[in-house]
Protein chains: 2
Amino acid sequence: MGEKIAAVLDRATSKPGDRSPTSACCSDGKPKPRDRIVATARDMFHQHGFRPVGVEAIAEAAGTNKMTLYRHFGSKDELIVECLKSVAAEAEAQWRVLEARHAGNPRAHLVAWVREAADCVLADGRGCSLANAAVELTEAHHPARRLVELCKSAYRDRMVGLCRSAGIAQAENLADALSLLLEGARVSRQSVGAEGPSAKFVRTAEAMIAAFASEEA
Amino acid sequence: MGEKIAAVLDRATSKPGDRSPTSACCSDGKPKPRDRIVATARDMFHQHGFRPVGVEAIAEAAGTNKMTLYRHFGSKDELIVECLKSVAAEAEAQWRVLEARHAGNPRAHLVAWVREAADCVLADGRGCSLANAAVELTEAHHPARRLVELCKSAYRDRMVGLCRSAGIAQAENLADALSLLLEGARVSRQSVGAEGPSAKFVRTAEAMIAAFASEEA
DNA sequence: CGGTTCTGTTACCGATCAGTAACAAGCCGG
DNA sequence: CCGGCTTGTTACTGATCGGTAACAGAACCG
C-alpha cells in the first residue's frame, strides 16, 4: 500500500506546467488536445475495451493525431492509466456530491448510493472500467492493475466508513456485501443482460441494508 | 430463446465423425490433437484472456501446430466458442455431481453450492471464463456473446429451481441475489485481490440463505 | 499391401498496430 | 516582429498475428 490515492488522483488531471485554473481550456470552449484525448479515450476504452481500441483511432476521434498523442503520453499503457485515473476521480467526485447532499444523514446517503449505483448499472451495458481493466489487462505487472487495486480498495474504505457512521454494527460486512452485489450486477448486466439477476440489485441491496440495520446492538 | 442449451452443449465435445466411445483417445493415453487444443486453449484463454493469446502459441502449447488447429476450427473465434462450451459443460457436470450427492436434500445442496462456489473463487485469481468473455469480447455480434448469455441464463434457471425445491418462498430473488454475489466475488477477486470483499462471500451467502429461508410462509 | 485420412513442417500473405522521424504550420508571449 | 512552444501532416519501421498453400510423412483400415 503505502501510497495515498489522493496523491495518485491528484496527478490525474494536473500536469507540472499547468497555467490556467480551469486546466487547459483554450479560452474558447475547445479544450486542449491532451484533455480531449483523455476524454475520448476514456469513452472508447469503456465502450470497446482496451486492446481493440487503437491509438490512431483515439487520436482521430479526439480531433487530433497520433503524434500529438504521443507527445503527451509515453505509451498506450500510460494513456490507459491516465484514463482510469480520470474515471476514478469522477467516481470520487460523485461520491462527494452524494456525501454533501446527505450531510449528517448517513442512512439517507446509503440508500441514495444504492439508487445511484443502480442507475450506473442500468445506464450502459458495460460495467465499471476499473473492473473491466482488471479482467482484460492480465499482465501481472501492468501499471493499470496497481491503480485498479488502489481505487477499489479506497472505494471499499469509503463504503465501510459510510456504513459505520450510519450506525451499522457489522459495517465491514455490509460494505463488502454491497460491494459484491454492485460488482456482480455490473458484470451480470454485461453477460446476461438487463433482464437477468442485475435487475434485482436495488431490491436486494435495500433488503440487505435493512437486515444489517436491524442488528445494531 | 428457442434454442435449448442441452443441444448447444451436446455439440461441444462430440463431432459428426466420432468413433471411439471415449471420444478421441488414441488407444495410448495421449488424446487426439483436437481435444488437446481445446483443453490447452481453454486454460490459456482463462489465464491470459482471449485477445492476447495467439493461435500459434496455443497450437505449440498443445504439442501440435497452427495448421492442424485450423483443420479443426474455422477461426480463432470458433475455437473460443468451443472452449466456452467446454467450460459450460464442465460447470454443468459439476452441478450434476452436487445434485446427485445431495439428492432429496436441496437445502444441503444449496449450502454445498456456496462452499464449492467459494472454492472456485479462491482457486484461481481469474474469475469465470464466460463472464470474462462477455467483458473482453465486446463486438456486439461475436458468437461467444450469445453462448455466454445462454449459459448464464441456464445457470440462473438451475439456481431458481434449486431454491424453489429447497422451499424458499422468494426463490427467484434468492437465486438472483446469490448469482450477483458470486459474480461479484469473482470479479472483485480479480481487481482487489483475495483479501478484499470477495473474502466475505461465504459468510454473506449463508446469511442470505438463512434470511430467505426464515421467510417461508 | 494400398489407399485414405490425419498430422507435421515450412513458408508465405496481408492486415493491423504501437511507436518514431522529420518537417511545416500555427499560436502566443515578450 | 521575432523566437519558442505546441500542434498538424506524412511517411515509415518493426513486430505481431490470423489465416492459407503446398508438400511430406505417419497412422489406420480394408
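Lettering of chains follows the sequences in order, A, B, ..., and the numbering in each one begins at 1.
- Within the structure, a side-chain polar atom (N or O) of H72(B) is placed less than 4.0 Å from OP1 or OP2 of dT7(C).
- Counting to the nearest Å, the P atom of dA18(C) and the CZ atom of R51(A) are 11 Å from each other.
- Between the CG atom of L69(A) and the P atom of dG8(D) there is a distance of 11 Å, given to the nearest Å.
- Note: NE2 (H48(A)) to P (dC17(C)) measures 13 Å, nearest angstrom.
- Look at K152(A) and E183(A) and you find a salt bridge, because one of the NZ, NE, NH1 or NH2 atoms lies within 4.0 Å of a carboxylate O, short of that distance.
- Here dT20(C) presents its P atom at 14 Å from CD of E56(A), a figure rounded to the nearest Å.
- For K32(A) and dC5(D), the NZ to P distance is 13 Å, given to the nearest whole Å.
- If you check dA18(C), dG8(C), dT20(D) against the side chain of R71(B), the one that comes closest is dG8(C).
- For Y70(B), the side-chain atoms get nearest to dG19(D) when compared with the rest of dT7(D), dG19(D), dT9(C).
- Looking at the side chain of K66(A), the nearest of the listed nucleotides dA22(D), dT20(C), dT7(D) is dT20(C).
- Closest contact between the side chain of S75(A) and the listed nucleotides dT9(C), dA18(C), dG19(C) involves dG19(C).
- Side-chain atoms of R36(B) come within 3.5 Å of backbone atoms of G63(B) as a donor-acceptor pair (strictly under, hydrogens ignored).
- Comment: E139(B) engages R51(B) in a salt bridge, judged by a side-chain N to carboxylate O separation of less than 4.0 angstrom.
- At the phosphate of dT6(D), neither OP1 nor OP2 sits under 4.0 Å from any side-chain N or O atom of T68(A).
- Here the C1' atom of nucleotide dG18(D) and the CG atom of L79(B) are 12 Å apart, to the nearest Å.
- For the pair F73(A) CZ and dA18(C) C1', the computed distance is 16 Å after rounding to whole Å.
- Mapping N65(B) and G74(A) onto DNA chain C via the closest heavy atom, the residue that lands nearer the 5' end is N65(B).
- One N or O on the side chain of R145(B) and one on the backbone of Q190(A) form a donor-acceptor pair closer than 3.5 Å.
- The CD1-P distance, from I58(B) to dC17(D), rounds to 11 Å in whole Å.
- Along DNA chain C, the nucleotide nearest V55(A) and the nucleotide nearest M67(B) are compared for position; the residue whose nucleotide lies closer to the 5' end is M67(B).
- Residue F73(A) is tested with I80(A), V55(A), V38(A), V81(A) for a side-chain contact (heavy atoms from CB on, under 4.5 Å); the sole match is V38(A).
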